[in-house]
Amino acid sequence: MAVLGSAVRPQRGGVRQRSGDVRPSSSAPVRDAFAALPLRTALPLAVIGGLLFALSFPSPGWWFLAYPAMACMLLAAMGQRARRAAWLGYVAGAAFWLPAISWAGRYLGPVPWLALALFEAAYFALGAVAIALAYRWVGRVSRSVAWRVWVLPAVVAGLWTGREWFSGSWPYEGFAWGRVGLSQSQGPFTHLAAYVGVLGVTFVVVYCVAVALSLVLVVPEDPGAVLRAPIRVATAGLLVAAVLAVPAWPTPTDGTIRIEAVQGNGPAGYFDGAQPGEVLNAQVAATEVGAKGVDLVVWPEASAEYDPRVQPVIADALDTVVESVGAPIVAGAITQTASGVLHNTSFVWTADGWQSSYDKKRPVPFGEYVPDRWFFSKLAPSLIGLLQRDYTPGTKPNVLDVAGIKAGIAICFDIVDDGLTTDMARGGAQVILAQTNNADFDGTDENLQQLEIARLRAVETGRSLVNISTVGASQVIDPTGRTIDRVPAYTATSMITDVPLGTGTTPATVASGSVTLVVALGSLLALLACAPWGRRRSTAARG
């Protein structure tokens with residue numbers, strides 16, 4: 001890596017001074033190891049990084065590719081001027097998002113897919129600018145090996161984490177798909193989600209990669225301070241080993257509940273053209289009524305279709321299931337208030353009828369409602385016209401009392417929301433019921449990607465999770481992230497599982513949100529504190 005390190009040759013005195021640079025106080029100064037790569041090298045690295053990152057998600061779900069992906073994207077942005085860093089970040093983002101969410105064009109065609117992918121790529125551009133500036137500004141505050149190997153990567157990882165938090169929060173409450181942490185549901189760092197949450201796993205992965213890059217690139221000029229290759233490798237290995245040595249957070253349980261989760265495989269897609277009652281009938285037919293000792297039946301999102309309080313035929317079907325199984329049922333339906341407000345609802349139905357309900361708090365923008373419809377109808381009237389119904393976000397708690405326990409409820413897109421996950425844990429949920437309808441994306445990777453998000457939520461909360469879909473992928477996941485039951489996708493069937501009930505509290509559900517905010521804002525403030533403009537003004541004033 002001597003070529004990279006020699007991009008800026010030292011003048012007499014050991015370090016080339018640029019406007020805004022501070023002379024190092026370290027006894028072992030280093031060359032400008034983070035000099036920008038030429039475009040002919042940086043551009044392919046950005047593309048390769050984005051593509052490798054996409055491959056780390058299902059499918060194929062090769063989680064280990066996230067590490068070289070991060071290395072490629074960091075190298076591409078490293079030391080670049082803001083405009084070039086933005087374009088390189090945008091290219092990397094497009095190379096990632098276009099294949100990663102190709103399922104977004106499954107029914108509505110390429111326009112929504114391209115619009116979402118290219119919009120989300122803009123966040124990669126924003127993050128690349130921040131990271132490029134970090135390598136230029138923070139890296140020059142001190143040229144000591146320790147500063148550049150340990151401190152600078154922390155700022156870089158914090159900026160990447162902050163970018164993921166921002167893109168998952170804005171606009172319209174964001175799109176929290178495609179995070180680095182979400183690619184690690186099957187990796188060696190999965191257990192860390194219980195300590196630091198999904199965004200915390202992002203920070204750990206990016207930090208380890210950034211440290212490894214610094215160990216390769218930072219070359220002290222003092223011959224007596226050279227870090228030889230074996231020492232570099234050993235240092236990187238010790239960092240990874242230290243992270244892996246963190247024990248899994250204990251996940252105490254107290255008893256089990258026998259749940260029958262039913263995957264009806266009915267025509268539940270938006271454009272399936274199902275007749276009223278077809279999805280409901282498919283769920284009823286797939287429910288095993290002869291099973292012994294079932295405590296609770298769980299159906300997927302919108303599986304009962306309409307509100308049983310106003311549709312007697314649906315109420316009769318639910319009564320039949322409850323009587324036959326001898327257990328209450330948690331099902332989903334589209335409900336409407338007296339004022340005409342629509343909700344995507346999960347409800348508890350017992351022998352005495354409707355008991356309680358939760359209304360989805362994170363309806364999908366441009367899927368379940370159209371934000372600023374007046375504006376987007378002018379841009380794409382034919383597409384927006386296909387979405388006739390607008391669901392309103394709910395306000396009820398996402399923990400319901402059912403069958404003598406507390407169940408956390410996540411309806412489809414709710415599962416990506418960090419805050420809703422925390423609300424379930426703090427609300428005393430002993431198990432999480434993740435109800436979803438993936439029929440609009442059958443034959444794509446969307447259902448597999450959502451399943452892995454659910455897996456991390458189980459680890460993050462220390463709770464078993466029942467991921468039940470209309471068509472798949474339906475699995476029961478224990479608090480360690482291990483699958484303990486599953487059924488084949490696109491098959492009408494059910495799984496009856498003794499599901500452990502969680503009792504403990506994880507650090508992630510207590511403080512991960514605050515830690516993420518501190519890390520993100522701290523990194524941004526560190527970047528701004530190291531900016532050269534203040535030093536330039538003071539130098540000009542003295543002159």
Side chain to side chain, [X] and [Y], heavy atoms closer than 4.5 Å:
X      : Y      : answer
Leu213 : Leu75  : yes
Thr503 : Thr253 : no
Pro393 : Pro363 : yes
Tyr358 : Val399 : no
Gln80  : Arg136 : no
Trp103 : Asp440 : no

What's the spacing between [X] [atom1] and [Y] [atom2] if we round to 0.5 Å?
X      : Y      : atom1 : atom2 : answer
Met70  : Ser56  : CE    : OG    : 7.0 Å
Leu182 : Thr202 : CG    : OG1   : 6.5 Å
Ile468 : Glu301 : CD1   : CD    : 12.0 Å
Asn467 : Leu465 : CG    : CG    : 6.0 Å
Trp150 : Ser144 : CH2   : OG    : 12.5 Å
Glu446 : Leu448 : CD    : CG    : 9.0 Å

- Is it true that Arg457 and Asp418 make a salt bridge, defined as a side-chain N closer than 4.0 Å to a carboxylate O? yes

- Lys/Arg-Asp/Glu bridge criterion (N-O < 4.0 Å) met for Arg362, Asp417: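 So Arg362 pairs with Asp417 through a salt bridge.
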
- Within 45° cone and under 6.0 Å: Arg84 NZ/CZ vs Trp87 ring: no

- Message: For the residue pair Arg163 and Phe124, would you count it as a cation-pi contact if the rule is NZ or CZ under 6.0 angstrom from the ring centre and within 45 degrees of the ring axis?
- Response: yes

Go through the side-chain N and O atoms of [X] and [Y] and say whether any donor and acceptor fall under 3.5 Å apart.
X      : Y      : answer
Asp445 : Ser59  : yes
Asp478 : Ser464 : no
Gln184 : Tyr67  : yes
Gln475 : Asp485 : no
Arg455 : Thr483 : yes
Trp177 : Gln450 : no

- Item | Neighbour count >12 (heavy atoms, 6.0 Å) for atom CH2, Trp165 | no

- Is it the case that more than 12 heavy atoms not belonging to Lys396 sit under 6.0 Å from its NZ atom? yes

- Item | Identified ring-ring contact (aromatic ring centres under 6.0 Å, His included) partner of Phe175 from the options Trp97, Phe119, Trp170 | Trp97

- Message: By the definition side chain to side chain donor-acceptor pair (under 3.5 Å), identify the one residue from Asn438, Thr436, Asn447 that meets it with Ser469.
- Response: Asn438

- Message: Can you classify the ring geometry of Phe53 versus Trp160 as parallel (below 30°), tilted (30 to 60°) or perpendicular (above 60°)?
- Response: perpendicular

